[in-house]
Participant: 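So that we are looking at the same thing, I have put the structure below in structure tokens.
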Amino acid sequence: SAAGRLAVLGATYPTDGWTNTTAAILDKTGRGLLHQPSHPLAILKDLIFREFPGYAHYDSLEPVVTAQQNFDSLGFAPDHPGRAKTDTYYINRDTLLRTHTSAHQLQLLAAGARRDGALLALAKNGSAAPGNERFLVAADVYRRDEIDASHYPAFHQVEGVCTFARSEIRDLLRRANGSASAAAAAADSGVEAASTAAALSDATVIGAGNPIQPEHAAEEAVFLAEHMKRTMNRMVVGILAKAVDAQKTSGEDPAGGFPVRWIDAQFPFTSPSWEMEVQFQGEWLEICGCGVMKQFILNDAGMPDRVGWAFGFGLERLAMLLFGIRDIRLFWSSDPRFTAQFSPGRINTFRQFSRHPPCTKDVSFWLPAAGAFHENDLMDLVREAAGDLVEGVRLVDSFTHPKSGRVSQCYRIDYRSMDRTVTNDEINAIQERVRDSMVRRLGVELR
Ligand code: PHE
């Protein structure tokens, strides 16, 4: 970040007091895991794309977006916690690494509404939905977070958006004489692939704390919610069935059915909203937030006569289960013992190669008196010093001195390489850098 400029993917941006994007994170922005057809995340993305033939497919939108796109366009309040510097990687006050694929909702709808050729040309299957009436966006997203086997500050999502002309819904409802059957018919006969196994959960119940928007008629919202749930059920059944096939052929126990449940949720850009959970090998897996799109987004996009639903699906957690990958860092490994195990279109169980021994270090310190310490600052500092050699960082002890009232904490840092045995000397050198920057940048007093 020489002289107040930061280079990201070939463009440079002015920095300011908001800039908190580290070199370790910038390094991830150019990796393009979704474009490597044999990478497990790309395999999963392709399976999802295949479940949605009538949708425009995007997977090459760059991760640098405006705060307007990522937050304002979606109705995030000015003081929404998601905007905090402790949670988001800012390039500067107005520019950031997208924290979710929803950042592209308004942009892609508006591009469809005004037939913006340049943006529409980025779709991989141009003619499927020429006005972006329905689309998927697969992309890398970034969030400041803790460090452990299932958290990584870069991960991947697939956004799904489906809109209808309000008149189309009116016609469907009139013809079907009932909302649930109309949505079912639209989902079953529509552009989505046919599926026999999709079992809908109970009829859509819209709870009191999860309201229908005043702009929507009840039948409209129920239609959208039903259509969304049917479509998402079909997607999940399609993917998991593929995984069970893979496990059958490798002689392992197939999973049973795929029960699905819908938990009321809240997002600034949908109402009503849900979290979809799927039971897989006995565990409830939270895979995706979703809901009826806030009408102001469609209005702002220049399509006030349409309504829609959206989901945002996280790829890593499902991929870890489907492929049996137990450490999220492996997705970023270029070790051939990892990459050579997968092939396009195929879900197979990853065979863990022998793990190299870890090296563990503790660091104890007094918190700064002003109380400005945030754990995520420590996480990024360790990532900067250690890169992917850090496996986990966790608080193991905390106490308040009875007389002075000062707080002492101890964090344990596990270092481990994916592809070699680390030496105590090299880890000591890293740990020294960590301790040094903790004093300089976090203002702590080492013990
Ligand atoms: N963007 C939300 C997230 O990342 C998920 C979401 C997408 C929710 C679309 C509703 C609609 O958590």
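Order of listing sets the numbers, starting from 1, for every ligand and every atom in it. Sequence positions, counted from 1, serve as the residue numbers for this chain. Note that these values count all heavy atoms, side chains included, but never hydrogens, waters or copies made by symmetry.
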Participant: What atoms of ligand 1 come within less than 4.0 Å of a heavy atom belonging to F311?
Facilitator: 7 (C), 9 (C)

Participant: State whether the side chain of D16 and the backbone N or O of R93 hold a donor-acceptor pair below 3.5 Å, judged by distance alone.
Facilitator: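 Yes, D16 side chain to R93 backbone: donor-acceptor pair under 3.5 Å.
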
Participant: Checking ring pair (Phe, Tyr, Trp, His ring centres under 6.0 Å) between F338 and each of F323, F350, F353, which is the one that passes?
Facilitator: F350

Participant: With only distance considered, is T99 within less than 3.5 Å of ligand 1 through an N or O on each side?
Facilitator: no

Participant: At what distance is the nearest protein heavy atom to atom 2 (C) of ligand 1, and which residue and atom is it?
Facilitator: F269 CZ, 3.8 Å

Participant: With a 4.0 Å heavy-atom cut-off (strictly under), which part of Q157 contacts ligand 1: side chain, backbone, both or neither?
Facilitator: side chain

Participant: Could you check whether K28 pairs with D388 (Lys NZ or Arg NE/NH1/NH2 to Asp/Glu carboxylate O, under 4.0 Å)?
Facilitator: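 Salt bridge flag = yes for D388 with K28.
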
Participant: What I want to check is whether the side chains of Y90 and N92 have a donor and an acceptor closer together than 3.5 Å.
Facilitator: no

Participant: Do any heavy atoms of C290 fall under 4.0 Å from ligand 1?
Facilitator: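 Distance cut 4.0 Å: C290 passes for ligand 1.
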
Participant: When you compare the side chains of T163 and R306, does any donor N or O come within less than 3.5 Å of an acceptor on the partner?
Facilitator: yes

Participant: Give the single entry among A310, G312, A265, S271 that approaches atom 7 (C) of ligand 1 most closely by any heavy atom.
Facilitator: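 The residue whose heavy atom sits nearest atom 7 (C) of ligand 1 is G312.
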
Participant: Considering only heavy atoms, which of R143, E159, Q105 lies nearest to atom 3 (C) of ligand 1?
Facilitator: R143

Participant: Between E391 and R355 (salt bridge meaning N to carboxylate O under 4.0 Å), is one present in this structure?
Facilitator: yes

Participant: Should one rank G289, A103, P268, C288 by closest heavy-atom distance to atom 8 (C) of ligand 1, which comes out on top?
Facilitator: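 When every heavy atom of G289, A103, P268, C288 is considered, G289 comes closest to atom 8 (C) of ligand 1.
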
